[in-house]
Participant: 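Sending over a structure as structure tokens; questions will come in a sec.
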Amino acid sequence: MNVYLVVFDWTTEEGSDVDIEAFDSYEKAAERFNDRISEEKSDMSWAHEAFDEDGNALDGYDFDECPPDTRLETYAYWTVTNNSNWQMRDYIALVRLEVK
């Protein structure tokens, strides 16, 4: 049996934390993974400042992603870091774990 985790590891000048959510299907986890990204790209988060209107990363930010593949149930991640302030970092991952 598999369990699917969405891990949100964030750091700001005010603090840091890790949120972990567990799901019984990859599809549910991928949906939450994408929701988390949308939340971080909204004005609720510092990370929205890292992207232009078309969703492209601006200069001054490191950005990388590997989107989920529901067919293969692959590891997925989305990460953005402010280059001028390394305390500003978001990392979201979708991880599949086998439970015996």
Participant: For a 4.5 angstrom cut-off between non-hydrogen side-chain atoms, does C66 reach Y75?
Facilitator: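 No, every pair of side-chain atoms sits at 4.5 Å or beyond.
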Participant: Report the residues that fulfil side chain to side chain donor-acceptor pair (under 3.5 Å) with E14, sequence neighbours left out, ordered by chain and then residue number.
Facilitator: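 By the side chain to side chain donor-acceptor pair (under 3.5 Å) rule, E14 matches T12.
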Participant: Could you tell me the separation between the CD1 atom of I92 and the CD1 atom of I37, rounded to the nearest 0.5 Å?
Facilitator: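 Going from CD1 on I92 over to CD1 on I37, the span is 5.0 Å.
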Participant: Among all residues two or more places apart in sequence or in another chain, which pass the salt bridge (charged side-chain N to carboxylate O under 4.0 Å, His left out) test with D24?
Facilitator: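 D24 satisfies salt bridge (charged side-chain N to carboxylate O under 4.0 Å, His left out) with K28 once adjacent residues are dropped.
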Participant: Please name all residues satisfying side chain to side chain contact (heavy atoms under 4.5 Å, CB included) with A29, sequence neighbours left out, ordered by chain then number.
Facilitator: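 Only Y4, V6, F23, L94 meet the side chain to side chain contact (heavy atoms under 4.5 Å, CB included) criterion with A29.
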Participant: Would you say Y26's side chain and T74's backbone share a donor-acceptor pair under 3.5 angstrom?
Facilitator: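 Pair found, side chain donor or acceptor close to backbone of T74.
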Participant: Partners of W46 by side chain to side chain donor-acceptor pair (under 3.5 Å), sequence neighbours excluded?
Facilitator: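 Per chain and number, W46 pairs via side chain to side chain donor-acceptor pair (under 3.5 Å) with D90.
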Participant: Taking side chain to side chain contact (heavy atoms under 4.5 Å, CB included) as the test, write out the residues that go with V18, two or more places apart.
Facilitator: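 Result, side chain to side chain contact (heavy atoms under 4.5 Å, CB included) vs V18: V7, D9, I20.
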Participant: Does L72 share a hydrophobic cluster with L97, counting links as ILVMFWY side-chain heavy atoms below 4.5 Å and allowing steps through other members?
Facilitator: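 No, no single cluster joins them.
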Participant: Of all residues at least two apart in sequence or in a different chain, which pass the side chain to side chain donor-acceptor pair (under 3.5 Å) check with N85?
Facilitator: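 By the side chain to side chain donor-acceptor pair (under 3.5 Å) rule, N85 matches E13.
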Participant: What pairs of residues pass the side chain to side chain donor-acceptor pair (under 3.5 Å) test when at least one of them lies in residues 52-71, not counting sequence neighbours?
Facilitator: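 Counting only pairs at least two positions apart or across chains, the side chain to side chain donor-acceptor pair (under 3.5 Å) contacts touching residues 52-71 are D64-Y77.
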Participant: Tracing side-chain links under 4.5 Å among I, L, V, M, F, W and Y, which residues wind up in one group with M44?
Facilitator: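 Hydrophobic cluster check, M44: no partners found.
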Participant: Would you name the heavy atoms of P68 and F33 that are closest together and state the gap between them?
Facilitator: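 Closest pair (atom of P68, atom of F33, distance): CD-CE2, 3.6 Å.
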Participant: Which residues pass the salt bridge (charged side-chain N to carboxylate O under 4.0 Å, His left out) test with R36, sequence neighbours left out?
Facilitator: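 Counting only residues at least two positions away or on another chain, R36 forms a salt bridge (charged side-chain N to carboxylate O under 4.0 Å, His left out) with D19, E21.
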Participant: Would you name the heavy atoms of G55 and F51 that are closest together and state the gap between them?
Facilitator: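 Nearest heavy atoms, G55 then F51: O-CD2, 3.3 Å.
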Participant: Under the rule for salt bridge (charged side-chain N to carboxylate O under 4.0 Å, His left out), what residues qualify as partners of E40, not counting sequence neighbours?
Facilitator: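 For E40, no residue satisfies salt bridge (charged side-chain N to carboxylate O under 4.0 Å, His left out) once neighbours in sequence are set aside.
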Participant: Over all heavy atoms of both residues, which pair between E39 and S45 is shortest? Give the atoms and the distance, please.
Facilitator: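 The pair with the smallest heavy-atom distance is O-CB, 4.1 Å.
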Participant: Of all heavy-atom pairs between F63 and V80, which one has the smallest distance, and what is that distance?
Facilitator: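 Shortest heavy-atom separation between F63 and V80 comes out as CD1-CB, 4.2 Å.
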Participant: For T11, give me all partners under side chain to side chain donor-acceptor pair (under 3.5 Å), at least two apart in sequence or on another chain.
Facilitator: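 Result, side chain to side chain donor-acceptor pair (under 3.5 Å) vs T11: R89.
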